[in-house]
Structures are given as structure tokens and as C-alpha cells.
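The next block holds one structure in the form of C-alpha cells; read it before the comments.
Both backbone and side-chain heavy atoms feed into the values below; hydrogens, waters and symmetry mates do not. Both ligands and their constituent atoms are indexed starting at 1 by order of listing.
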Amino acid sequence: MKHHAAIAAMLALATGLAAQTATERIAISVNAKKAGAAIQPTMYGIFFEDINYAADGGLYAELIKNRSFEFTPDHLMGWHAFGRVEVRADGPFERNPHYVRLASMGHNDLWTGLQNEGFFGIGLHKDADYRLSLYARLADGSREQMLRVQFVDQNTQAEHQEFAQADIKVTTAEWQRYEVTLKSPRTIEKAQLRIFLCEKNGRSGRGTVDVEHVSLFPTDTWQGHRNGMRRDVAQALHDLHPGVFRFPGGCIVEGTTLDLRYQWKNTVGPVENRPINKNRWENTFTYRYFPDYFQSYGLGFFEYFQLAEEIGAEPLPVLNVGMACQYQNDDQAHAPATEQGLRQFIDDCIDLIDFANGDPATNEWARLRADMGHPEPFGLKYLAIGNEQWEKPYFDRLAIIAPAVRRAHPEIKLIGTSGPNAEDDHFRNGWAAMRELKADLVDEHYYRDIDWFRHSMNRYDNYDRRGPKVFAGEWACHDRGKKWNHAGASIYEAAFMTNLERNADVVHMATYAPLFSHIDGWQWRPDLIWYDNLHTARTASYYVQQLYMQHRGTHVLPTTVCLPGGQPAANPVAEGDDGVFASAVTDKTTGQIIIKVINTTARHQDISISLTGLKAKAMPTQAEVITLDCSDYDAENLPSRPERVAPRTTHMPWTAATVEATIPAKTFALYILS
Ligand code: AHR
């Protein structure tokens, strides 16, 4: 706290520092009259992939793992069965045919039932309501039976493990959906759901009951949707103000094999009949192996579009180009490569556009969207085809798919990829091919260390302004050997973003990645938002992104930065490769001028900020100053201690055309002038 007060004081003192002349300071000059390139509303966004338990066990609020008994090879993964439990495969849902048969043990004190472990436990909040639903039927000519459902704490030393309970009367031999609501009397991070087969009097069941699709949701989901998102996690997305939302991956779009690729058509329609898929992140790293990582697709393309709309972001789906992951399949000989062979992939693109935008009166995919509750179009404008693919196998397929999609939907902007690296031959060849294929944007990926970022602060200054625009679709900074969300890396992300911002004429989208991570289930770090079963943590990188997203502005203002002594430099190097980086924008809707200044050096830097080109009466009179102090290098926000690094706001008068300030070490300072 003391530290933050000191920072605020340094910034607030700014205008009073008369002792030093401007040339002893780093001089930032903003031409406030000459608004430059428009900043796209899509400029800063988010990239969602189901990695690190981002969907099931994360954003998707379902609390039951393997709810339809379809995990393989063990259909009871996530469940602990007791008594007589049999997995059967002729259930009511064609594409998820497995269910369990619970049969009597023939004894009052011998029990049959099931217990679900959730995703690293089931997180429950005190006094919150949870809706449990399941499909059931009486089997073997049984008469009415009960299913007693309980929240249990298996680790308690208390007399009772169960702390909430409800009974479901199973009354017919036909499959029927049953629903009960349980209130949790306590907050617990790792509860389990237990189900007993019972008689009416609570004794062990004497009949047989079939059970399918056991589902548990908090009633308080994001926007109250029944098949909803976890409120705190979705809220964190909403609070960012993202301009674009890329989904559903990533590598999972490609699949470890082509059969395992993400197929959006499997993710729409009633959730009970969405066929599950192995998650590619189950097997990608043997050193972080999660054999029970599957995709239920409960969070599917309808839900992605709906969420994009609710958080105010442009949806940007990525579809497969007819190839599995090139890293894992260097032989693409068996992948389709002709127009005929790629028909399904072409149709997937065209049908998706119809699903999102079509008229339900004339199009079956649009009708499905309407049936799912959204008759209005979602207003899809962008479609990416392929992720991290390279060279001829990719270019040839895209050369078949893209024109076919364009013929059907010329209004959609198509995005191609430049491969997994941001500077090698594949990358350069990728860009050349994308120019030739007239992609609207090219997706670049760079998960790189601090040194790479230090040397890439001018990356886009000399980009070719003709042809496709840049979509920095996956990027993040880590320190060498330190791949977690430490504040010391986030400051370089903030500095790098001045480079995106001043090149807004060529950079139209940028999305940090990955987005989410479950504290008990991660495969990849760093990540923007972390959670356990109860809490969410917004990382220092999150706050960097948020400050840019919330203060995006509408137009770039030309900004120069001069070293002490007056020597101009696009990005001054004050100490080693560190320095002070700045960019500025105006927001024509609010009239604000927003200046971002980032000091990546290990000591405070004296600066001056001059506004040129403004008449005296147009000069701002005050500044809101938001600072993000990243000087505690290893500081990390975690669900157990979420706000170690967080923005602080102060105010200061803006008294002249040139104002002096001091930016503390490793600090991002954002000035909003009005
Ligand atoms: O974000 C994690 C992975 O990184 C993505 O799936 C892939 O596109 C990239 O290699």
C-alpha cells in the first residue's frame, strides 16, 4: 500500500518538477491535432481455446465430469460406482448412447449408486442453488424407485459427509428428464455428488433404474442461461471489453488426427446429443498428462456466438482446413486435397456462416440457430481457415476452400495463418501465399521470451501496408525458464502494445493467449485468467490487456519519444534494451486523449509529455492516471491471492502544454486527458 501511495505521489508531483529542463528528461510529444489511422473496434480481443480446462471445468458451468458416460476407454471415468452398476449402450441419445443401469443388491444395507468427482472436485458456494438434472427410467419391470442425490464432503471429520440432499422419484419405464434444486449450506471447493438407488422409505433400492446425462449447474450462471457459463469467469471476460473473440482454438481445431479435429456441427443442437470428443490437450504433453480431458461440447458454437454478443465482441471462428496438426502429422498424404475431398470442409465454412447469419425461413442451419433461441443473426463478419499451418499442404488446400467460401459469402473476411513462428521461412512464405490468396488478415503467433519482446518493439513499423492486415492471434511474453504469470513479463507486453497501437493502420486485431487456466489442470502457461473451483484471478497480463481494451480510442495520434538531450528515437533505449515506450490515441466519441507510457527499466524515469497542435482553449485540464506497477518481478495473481498486481487510479491537474512526470520502475502509466 505504501509503495502504491509513493507511486501516486511521484505521478501527481509531475507538474511541479521545475528543476530539470525538458532535455534532461525523456520527452514524449503527442500531436493532438493530427489524428492518424483509425483503430479498429476489433483491435484488442480474446482467444478462447479449450486448453487448461478452459471449457469443461472452467468457463462452462457444468459441474459433472463425464455426465453422459461417454469417456473412453473407461465409461465410468470421473465416477466411483458402488454396488451393481452396469454401463450399457442403447440409450436415448443416438450420438451419446451410453448410460448406467443401477440394480438392487437385494439387501437393505448393501447399496448401489454412483459418486461424481467433478472437475478437481465440485465447487459450491454457501446459499447458492444448484440444478441437478438427469434422465432415468425404471427397468426390468421395477416399480417406483428413488434416486437420492447428495452433496458430500469426503474429506470431512464431521459426523455426516452429506450436507445437502434431494430425492428424485423415478416413476415410469420410459426415459424421462427429472430435475431437482439443491441449496448448498456451505462453501466448499472440492465436494462430490453422490447418488443412491433407494426405496421410498430410504432403504436400499429393490428395483432397477437406468440413468443417463447427469448434469449439475449453478442456477446463477452468466446471464442466467440454463446451459450457461460460470458467472465469475464470464464476468472477467466482459470486464475486459474485448473487441473480438476468436474460438474454439488453436490446436484443437486441427486435432491430433483429422478424426479428432473440432467439428462445429457436433457442438450445436440439444446438449444431450452432442457427441463428446477427446481433448487434444489430454495428450499433447506427457509431463502434464490428463487422461480424463474430454470435450463435452456443452460449450459449443451457439454458446460461443451468444457469449461474443453478450460481451460485445465480434465473433471470429476458426475452422479446419482439411489437415490435422502438422507438428504431430508430418505425413499429410491421407488428408483430403482435392475439391471433392475437401467438400466437407468447404461446407463446414459455408454452413457455419449460414448458421450465424442466415434466414431461418430459408436455411436449415439458420433454423437450428433460431430453434436454439436466437432467431436474429449473430452478425458474423470474419472466418479463419486453418491454424498454425504452413507451406504447400496448407496453401494448396486454402486455395481450394477460400474461393469456394468467397463465392458463397463474399461479405465475409477470411483469415489465413502464417504458421507457428513469427519470423522463420515458413512465416515469410506464409505471408507471401496469403497475399497471393488475397486473405483479408493473416494470423501471426508469438509466444516468446522477454528478450524477443525487447527486440521486437518496432515489429510492425516497417510492415508492408498493402495487402492483408495483421491479426496477432496468439501471443504472450514469458521469461526464459519462468513460464508463469509474473508481473516482470507483463510489463513487456504493455510496452509491445504501443507498437501494435501506433501501427493500427496495419494491425487490426491482437489477442493474447491462452485465455484461461484451472489451477489444478493446466498444460500451458502463462495464461490470462486463472481460477480454482470457486475463485478467479486476473493476472497482471489481464490488466495490461484491459487497460488497452478499455482505453482503445478511435484514432492514433502521432507520437515521438526523444531521449534526454533531444535525440529522437522511435523507441528509446535508456538502459540496455529497456526503455520508455509510448503511444497515444484520441477517442473521437468522448474527446479524450489517451497516452500510454511504459517504463521497462529497473529505475524510475523522468519524462515530459507535450501536447502539440491544440489551441489553448482545447487544452485538457485534468488527467486520470492509471498505473500498473510490475516492479515486483515474480508477483503473480492467483485465485488464492488475486490482487497482488492491480491498477491504481489517481488524478492530477493538466496545467500546461508540457507536463513533467516521473514513471516508476517497471510501470505502465496511462493518462486519460479531458
Ligand atoms: O495456445 C496454445 C496453443 O499454441 C494453440 O493451440 C496453438 O495454436 C499454439 O501452438
Side-chain angles (χ1 to χ4, degrees), residues 45-55 58-59 237 242 244-258 260-264 277-290 293 295 299 304 316-321 323-330 383-391 394 398 415-424 426-427 430 434 441-449 452 470-478 483-485 489 493 509-518 521-530 539 541-542 545:
I46 51 175
F47 161 52
F48 179 93
E49 172 162 29
D50 188 0
I51 182 173
N52 306 321
Y53 286 82
L59 176 62
L237 296 185
V244 65
F245 177 23
R246 177 183 183 236
F247 57 87
C251 291
I252 65 163
V253 169
E254 305 158 63
T256 306
T257 67
L258 205 50
L260 291 172
R261 72 187 183 279
Y262 193 101
Q263 300 191 51
W264 74 266
N277 194 9
K278 198 188 239 321
N279 189 306
R280 163 207 164 118
W281 294 103
E282 172 214 295
N283 57 284
T284 303
F285 304 128
T286 45
Y287 52 86
R288 300 280 311 168
Y289 200 84
F290 293 86
Y293 197 178
Q295 301 171 82
L299 169 50
Y304 285 127
L316 195 178
V318 188
L319 294 189
N320 189 295
V321 73
M323 298 161 71
C325 170
Q326 274 176 285
Y327 273 123
Q328 294 179 330
N329 303 267
D330 43 5
L383 178 65
I385 306 175
N387 173 68
E388 289 197 350
Q389 264 115 5
W390 59 85
E391 301 296 351
Y394 173 55
L398 191 63
I415 302 178
T417 163
S418 55
N421 294 311
E423 60 281 291
D424 63 359
H426 291 331
F427 173 80
M434 293 312 111
L441 292 106
V442 177
D443 184 8
E444 302 187 344
H445 294 181
Y446 33 90
Y447 297 100
R448 291 290 187 270
D449 64 21
W452 186 92
V470 173
F471 171 31
E474 294 183 32
W475 71 278
C477 176
H478 58 261
K483 283 197 177 181
W484 64 85
N485 288 92
E493 291 162 356
M509 297 179 183
T511 55
Y512 179 100
L515 183 57
F516 287 132
S517 197
H518 193 294
W522 59 269
Q523 297 85 46
W524 184 297
R525 296 183 297 181
D527 307 291
L528 204 64
I529 298 165
W530 285 76
T539 61
S541 295
Y542 174 98
Q545 294 297 317

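Annotation: Asn387 places an N or O atom under 3.5 Å from an N or O atom of ligand 1; distance criterion only. In terms of polar-atom proximity, Cys251 is counted as a contact of ligand 1, with an N or O under 3.5 Å from an N or O of the ligand.
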- [ ] Please step through ring-ring contact (aromatic ring centres under 6.0 Å, His included) for the pair Phe285 and Trp522, ending with a clear verdict.
- [x] CA-CA 11 Å; Phe285 304 128; Trp522 59 269; 9.5 Å; no

Open item on the list: Could you walk me through whether Tyr293 and Tyr53 satisfy the side-chain contact (heavy atoms from CB on, under 4.5 Å) test, starting with their C-alpha distance in whole Å, then the side-chain angles of each, then the deciding distance to 0.1 Å, before giving a yes or no?
Closed with: CA-CA 8 Å; Tyr293 197 178; Tyr53 286 82; 3.5 Å; yes

Open item on the list: I'd like to know whether Glu474 forms a salt bridge (charged side-chain N to carboxylate O under 4.0 Å, His left out) with Arg246, so could you lay out the CA-CA distance, the side-chain angles of the two residues, the decisive distance to 0.1 Å, and finally the verdict.
Closed with: CA-CA 10 Å; Glu474 294 183 32; Arg246 177 183 183 236; 2.9 Å; yes

- [ ] Determine, step by step, whether Tyr542 and Asn485 satisfy the side chain to side chain donor-acceptor pair (under 3.5 Å) criterion, reporting the C-alpha distance in whole Å, the side-chain angles of both residues, the deciding distance to 0.1 Å, and the verdict.
- [x] CA-CA 10 Å; Tyr542 174 98; Asn485 288 92; over 6 Å; no

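Considering only non-hydrogen protein atoms, atom 4 (O) of ligand 1 sits nearest to Glu474 OE1, 3.1 Å. In this structure, the protein non-hydrogen atom closest to atom 6 (O) of ligand 1 is Glu49 OE1, 2.4 Å.
No part of Trp475 comes within 4.0 Å of ligand 1, judged by heavy-atom distances.
Close approach of ligand 1 to Tyr447 is summarised as follows: ligand atoms under 4.0 Å from at least one heavy atom of the residue are 1 (O), 2 (C), 4 (O), 9 (C). Below 4.0 Å from some heavy atom of Pro514 lie the following atoms of ligand 1, by number and element: 1 (O). Short contacts between ligand 1 and Glu388, defined as distances under 4.0 Å to a heavy atom of the residue, involve ligand atoms 7 (C), 8 (O), 9 (C), 10 (O). Residue-ligand proximity, Gly250 to ligand 1, at heavy-atom distances under 4.0 Å covers atoms 5 (C), 6 (O), 8 (O).
Contact analysis leaves Pro420 out of contact with ligand 1, as no non-hydrogen atom separation drops below 4.0 angstrom. Residue contacts with ligand 1 leave out Tyr327, since none of its heavy atoms falls under 4.0 Å from the ligand.
In this structure, Tyr304 and Tyr262 have tilted ring planes: the angle between them lies in the 30° to 60° band.
By the 6.0 Å and 45° rule, Arg448 does not stack over the aromatic ring of Trp475.
You'll find the ring centres of Trp452 and Tyr447 outside the 6.0 Å limit.
Using a 4.5 Å cut-off on side-chain heavy atoms (C-beta onward), Gln326 and Glu388 make no contact.
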